[in-house]
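Counting from 1, the numbers follow the sequence of the chain as shown.
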Amino acid sequence: MIAQITGTLIALEDDRGLVSIGNIAYELLLPGYCIGVLSGKIGTQITLCTLEYYEGTPGGGNLVPRMLGFMSKAEKDFFSRYTSVQGIGIKKGLKSLCMPVETIASAIESGDEKLIATMPGIGKRLAQHIIAELKGKLSLFASD
C-alpha cells in the first residue's frame, strides 16, 4: 500500500490532483479543503499522505483502484474515523470536507449541528447522526 507520495503537482481539478514522480503520474482524489491549499502550488513539489481503496462491487467484476490524498497523516486518520459513520462513504466524505479538518472536528466536539449541516451532502439529519456517533472521539483533531 502506498502511504505517502512526494512529487510535482502537475494538474488540479475540482476533486482531484495529478502528481508526477519521474515518468509516472498518479491521480489522487482530494477533499475540497486540499484543493484550496494546493491551488497555487501547480509545478511545485508536494507531499500527500494517501489512502487506497477499490471502487465498485466485487461481484460486478469492475473494481477500480483509487487513491485519496491528504495534507497530513492526522487528516487521513480523521477521514477514516469520519467515514466510519453510517451514511458517509468515501465519495460523500471527500465531497463534504470543504473546510479544514480541525474546524470540522471542533464543530463535532462542540455539537455545532448548524455548521456540520452546511457541508456539501450533509443535511440536518446526517449532521445529528455524525455528532451522535463521533462526539467525544475527535478531540485529538479539533483546534483549541
Side-chain angles (χ1 to χ4, degrees), residues 1-110 112-123 125-127 129-131 133-144:
M1 175 165 68
I2 300 171
Q4 182 175 297
I5 189 167
T6 299
T8 304
L9 180 63
I10 58 174
L12 201 57
E13 295 178 22
D14 292 340
D15 64 345
R16 64 195 70 217
L18 200 58
V19 178
S20 176
I21 302 171
N23 294 329
I24 299 173
Y26 292 91
E27 180 182 68
L28 291 102
L29 301 176
L30 302 168
Y33 70 90
C34 282
I35 300 294
V37 171
L38 296 173
S39 65
K41 297 188 178 187
I42 294 178
T44 65
Q45 189 168 1
I46 62 166
T47 298
L48 296 171
C49 291
T50 62
L51 183 65
E52 296 177 80
Y53 80 100
Y54 289 92
E55 185 176 280
T57 55
N62 289 335
L63 290 176
V64 179
R66 301 280 187 210
M67 191 179 310
L68 312 177
F70 302 93
M71 302 305 295
S72 69
K73 183 180 181 323
E75 292 178 359
K76 177 177 126 175
D77 293 344
F78 171 86
F79 185 79
S80 294
R81 286 202 185 170
Y82 180 67
T83 55
S84 71
V85 174
Q86 186 175 356
I88 301 180
I90 300 289
K91 287 184 177 183
K92 184 177 274 192
L94 285 172
K95 182 180 176 184
S96 67
L97 296 182
C98 61
M99 58 189 86
V101 165
E102 296 85 8
T103 304
I104 297 168
S106 294
I108 293 169
E109 286 297 308
S110 67
D112 189 348
E113 180 185 313
K114 289 182 181 181
L115 180 65
I116 302 301
T118 64
M119 295 166 35
I122 309 294
R125 193 171 204 147
L126 186 52
H129 185 63
I130 291 168
I131 291 168
E133 288 278 324
L134 297 178
K135 188 172 182 176
K137 299 176 183 174
L138 302 177
S139 59
L140 177 68
F141 306 104
S143 58
D144 295 331

**Q** Check whether any side-chain heavy atom of Glu133 lies under 4.5 Å from a side-chain heavy atom of Gln86, and answer yes or no.
**A**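 A side-chain contact is absent here, since even the closest heavy-atom pair is not under 4.5 Å.
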
**Q** Rounded to the nearest 0.5 Å, what separates atom NZ in Lys95 from atom CG in Asp14?
**A**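 One finds 11.5 Å between NZ of Lys95 and CG of Asp14.
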
**Q** Is the backbone of Leu138 close enough, under 3.5 Å, to the side chain of Glu109 for a donor and an acceptor to pair up by distance?
**A**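 Such a contact is found between Glu109 side chain and Leu138 backbone.
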
**Q** What verdict does the side-chain contact (heavy atoms from CB on, under 4.5 Å) test give for Asp15 and Leu94, after you've listed the backbone C-alpha separation in whole Å, the side-chain angles of each residue and the deciding distance to 0.1 Å?
**A** CA-CA 8 Å; Asp15 64 345; Leu94 285 172; over 6 Å; no

**Q** Of all heavy-atom pairs between Pro120 and Cys98, which one has the smallest distance, and what is that distance?
**A**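 It is CD-SG, 3.5 Å.
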
**Q** Taking the side chain as every heavy atom from C-beta outward, state whether Val101 and Tyr82 have any pair of such atoms under 4.5 Å apart.
**A**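 No - every pair of side-chain heavy atoms lies 4.5 Å or more apart.
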
**Q** Report the distance from atom CD1 of Ile130 to atom CD1 of Ile104, rounding to the nearest 0.5 Å.
**A**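 Going from CD1 on Ile130 over to CD1 on Ile104, the span is 9.0 Å.
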
**Q** Partners of Asp77 by side-chain contact (heavy atoms from CB on, under 4.5 Å), sequence neighbours excluded?
**A**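 Here the qualifying residues are Lys73, Phe141.
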
**Q** May I have all residue pairs that pass ring-ring contact (aromatic ring centres under 6.0 Å, His included) and include part of residues 31-55, sequence neighbours excluded?
**A**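 Every pair satisfying ring-ring contact (aromatic ring centres under 6.0 Å, His included) with a residue in residues 31-55: there are none.
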
**Q** Of all heavy-atom pairs between Cys34 and Gly69, which one has the smallest distance, and what is that distance?
**A**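 Cys34 and Gly69 have their closest heavy atoms at SG-O, 4.1 Å.
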
**Q** What residues, two or more places apart in sequence or in another chain, satisfy side-chain contact (heavy atoms from CB on, under 4.5 Å) together with Thr83?
**A**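 side-chain contact (heavy atoms from CB on, under 4.5 Å) check on Thr83 returns Phe79, Ile88.
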
**Q** Could you go step by step and tell me if Leu48 and Leu30 meet the side-chain contact (heavy atoms from CB on, under 4.5 Å) rule?
**A** CA-CA 10 Å; Leu48 296 171; Leu30 302 168; 4.1 Å; yes

**Q** Taking only residues two or more places apart in sequence or in another chain, which ones pass side chain to side chain donor-acceptor pair (under 3.5 Å) with Thr103?
**A**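 If we apply the side chain to side chain donor-acceptor pair (under 3.5 Å) test to Thr103, skipping adjacent residues, there are no hits.
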
**Q** Looking at Cys49 and Ser72, what are the two nearest heavy atoms and their distance?
**A**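 Closest approach of Cys49 to Ser72: SG-C, 3.5 Å.
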
**Q** Which pairs with one or both residues in residues 18-47 pass salt bridge (charged side-chain N to carboxylate O under 4.0 Å, His left out), sequence neighbours excluded?
**A**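 Counting only pairs at least two positions apart or across chains, the salt bridge (charged side-chain N to carboxylate O under 4.0 Å, His left out) contacts touching residues 18-47 are Arg16-Glu27.
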
**Q** Walk me through whether Lys92 and Leu126 qualify under side-chain contact (heavy atoms from CB on, under 4.5 Å).
**A** CA-CA 11 Å; Lys92 184 177 274 192; Leu126 186 52; 4.0 Å; yes

**Q** How close do Ile131 and Ile108 get, heavy atom to heavy atom, and via which atoms?
**A**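 Shortest heavy-atom separation between Ile131 and Ile108 comes out as CG2-O, 4.1 Å.
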
**Q** Measuring from Arg125:CZ to Glu113:CD, what's the distance to the nearest 0.5 Å?
**A**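 If we round to the nearest 0.5 Å, Arg125:CZ and Glu113:CD are 11.5 Å apart.
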
**Q** Report the C-alpha distance between Thr6 and Ile21 in whole Å, list the side-chain angles of each, state the deciding distance to 0.1 Å, and finish with yes or no for side-chain contact (heavy atoms from CB on, under 4.5 Å).
**A** CA-CA 7 Å; Thr6 299; Ile21 302 171; over 6 Å; no

**Q** Quick one: OG on Ser84 to CG on Leu134, what's the gap to the nearest 0.5 Å?
**A**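 Between atom OG of Ser84 and atom CG of Leu134 there are 5.5 Å.
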
**Q** Between Leu38 and Met71, is there a side-chain heavy-atom distance shorter than 4.5 Å?
**A**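 Touching, per the 4.5 Å side-chain cut-off.
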
**Q** More than 12 non-hydrogen atoms from neighbouring residues, nucleotides or ligands closer than 6.0 Å to NZ on Lys76, yes or no?
**A**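 More than 12 within 6.0 Å, yes.
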
**Q** Specify the closest pair of heavy atoms between Gly93 and Leu97, including all atoms of both residues, with the distance to one decimal.
**A**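 The answer is O-CG, 3.2 Å.
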
**Q** Which atom names give the shortest non-hydrogen contact between Leu12 and Ile42, and what distance separates them?
**A**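 Taking Leu12 first and Ile42 second, the nearest heavy atoms are CB-CD1, 4.0 Å.
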
**Q** With rounding to the nearest 0.5 Å, note down the distance linking CD in Glu13 to CD1 in Ile35.
**A**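 Between atom CD of Glu13 and atom CD1 of Ile35 there are 8.5 Å.
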
**Q** The test is side-chain hydrogen bond (donor to acceptor under 3.5 Å, both in side chains); show your working for Tyr26 and Thr50 and say whether it passes.
**A** CA-CA 11 Å; Tyr26 292 91; Thr50 62; over 6 Å; no

**Q** Are the side chain of Glu52 and the backbone N or O of Ile2 linked by a donor-acceptor pair below 3.5 Å?
**A**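 Yes, Glu52 side chain to Ile2 backbone: donor-acceptor pair under 3.5 Å.
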
**Q** For Thr44, enumerate each residue passing the side chain to side chain donor-acceptor pair (under 3.5 Å) test, keeping only those at least two apart in sequence or located in another chain.
**A**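 Thr44 satisfies side chain to side chain donor-acceptor pair (under 3.5 Å) with no other residue.
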
